2 protein chains.
Amino acid sequence: MTESCCAPLSDATLSDDEAVLLAGWLKALADPVRLRLVNIVATSGEACACDFPAALGKSQPTISHHLSQLVKAGILDREQRGKWAWFRLNNDRLKEVTAALS
Amino acid sequence: MTESCCAPLSDATLSDDEAVLLAGWLKALADPVRLRLVNIVATSGEACACDFPAALGKSQPTISHHLSQLVKAGILDREQRGKWAWFRLNNDRLKEVTAALS
DNA sequence: CAAACGTATTGACAACCATCGATGCATGTC
DNA sequence: GACATGCATCGATGGTTGTCAATACGTTTG
């Protein structure tokens, strides 16, 4: 009947809502394509979307889909310059993620 | 034809294989139930599986499934004590994850 | 050994996701 | 204005995932 076998657990320091939020950020990062996108943007300072399909060997719609997920999660910032879309890393969000895992 | 519009990108510092590996670890963490499991284990030092279904409001098979994913990803270590299963945090793996995101 | 109990596994199902071709929308160019 | 170009959206599809009831497995206890 799932009865406790031991001393009670410490109180959890992570609420349900916080867990959902953090899981969302981690889910945005938990894909090889998106990790490589983040890595390229981070090491380049900024990058425009036009380079990604060739760099990662994925179709343009696929790249666009991944980029929008990263922007939605607040991990990348998007800026439109003429007809090109440029991306930068949001370091604050990334620090927020690593801080929650420490 | 998706032609480059700008200076070439910096060389990526994350290989495809590394990205797949890191994505696997992040995927193991990217779920609210699993994050709360990790949090409980981390704050308690160690915990036995018998407490989790009540603490998280999930069925025993569901908890067992999540725990096995965390163990498989090397985030939790499992130890059998009689008929109870005890879990501890693998801090090295967690540090490896946060280091890769910094 | 037999019964009880904690946990893992199986099977099933709905929800979600990564991917791509086709198409639409906006911006810049002639 | 007409055309070309970069990117987003749509529709479809195959694969993955979270969940639980039922069941099997292993350990302890009587």
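Computed from a predicted structure; not experimentally measured. Lettering follows sequence order; numbering is per chain, from 1.
Regarding A/Gln60, its CD atom lies at a distance of 14 Å from the P atom of C/dA22, rounded to whole Å. We find that NZ of B/Lys83 is positioned 5 Å from P of C/dG6, with the value rounded to whole Å. Protein atom CH2 of B/Trp86 is 19 Å distant from nucleotide atom C1' of C/dA8, rounded to whole Å. Between B/Ile63 atom CD1 and C/dT7 atom P the separation is 11 Å, expressed in whole Å. Between B/Leu37 atom CG and D/dT19 atom P the separation is 10 Å, expressed in whole Å. One interatomic measurement links the two molecules: NZ of B/Lys72 to P of C/dA8, which rounds to 15 Å at whole-angstrom precision. With rounding to whole Å, A/Phe52 atom CZ is found 11 Å from D/dA8 atom P. Atom pair A/Lys58:NZ and D/dA8:C1' shows a separation of 19 Å (rounding to whole Å applied).
With C/dT7, C/dC17, D/dT9 as the candidates, the nucleotide lying closest to the side chain of B/Arg78 is C/dT7. Side-chain proximity of B/Cys50 to the nucleotides C/dT9, C/dT7, C/dT27 is greatest for C/dT7. Considering only side-chain atoms of A/Trp84, the nucleotide from D/dT19, C/dT7, D/dC7 that sits closest is D/dC7. Closest to the side chain of B/Phe87, out of C/dA8, D/dT9, D/dC7, is C/dA8. Ranking D/dT17, C/dT7, D/dC7 by closeness to the A/Ala49 side chain, first place goes to D/dC7. Residue A/Cys48 places its side chain closer to D/dC7 than to any other of D/dA22, C/dG28, D/dC7. Residue A/Ser59 places its side chain closer to C/dC20 than to any other of D/dA8, C/dC20, D/dT5.
With sequence neighbours excluded, the residues forming a side chain to side chain donor-acceptor pair (under 3.5 Å) with B/Ser59 are B/Thr62, listed by chain and number.
A cation-pi geometry, defined here as NZ or CZ lying under 6.0 Å from the six-membered ring centre and within 45° of its normal, holds between B/Arg93 and B/Trp25.
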Take B/Leu76 and B/Asn90 through the side chain to side chain contact (heavy atoms under 4.5 Å, CB included) test and state the conclusion after the steps.
CA-CA 5 Å; B/Leu76 294 186; B/Asn90 181 354; over 6 Å; no
If you apply the rule side chain to side chain contact (heavy atoms under 4.5 Å, CB included), what do you find for A/Ile40 with A/Leu56, and how did you get there?
CA-CA 10 Å; A/Ile40 290 175; A/Leu56 300 189; 4.0 Å; yes
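The residue B/Arg34 sits close only to the backbone: its heavy atoms come under 4.0 Å of sugar-phosphate atoms, none of a base.
Between the side chains of A/Asn39 and B/Thr13, at least one donor-acceptor pair of N or O atoms lies under 3.5 Å.
For A/Thr62 and C/dA18, the shortest distance from a side-chain N or O to OP1 or OP2 is not below 4.0 Å. When the side-chain nitrogen and oxygen atoms of B/Arg81 are compared with OP1 and OP2 of D/dT28, none of them lie within a distance under 4.0 Å.
By the 4.0 Å N-to-carboxylate-O rule, A/Arg36 lies too far from B/Glu18 to be salt-bridged with it.
Pairing each heavy atom of B/Ala28 with each of B/Arg34, the nearest pair is O-NE, 2.6 Å.
For the segment residues 64-71 of chain B, the set of residues with a heavy atom within less than 4.0 Å of an atom of DNA chain D comprises B/His65, B/His66, B/Gln69, in numerical order.
Using modelled atom types, no side-chain atom of A/Thr43 and backbone atom of B/Ala12 make a donor-acceptor pair closer than 3.5 Å.
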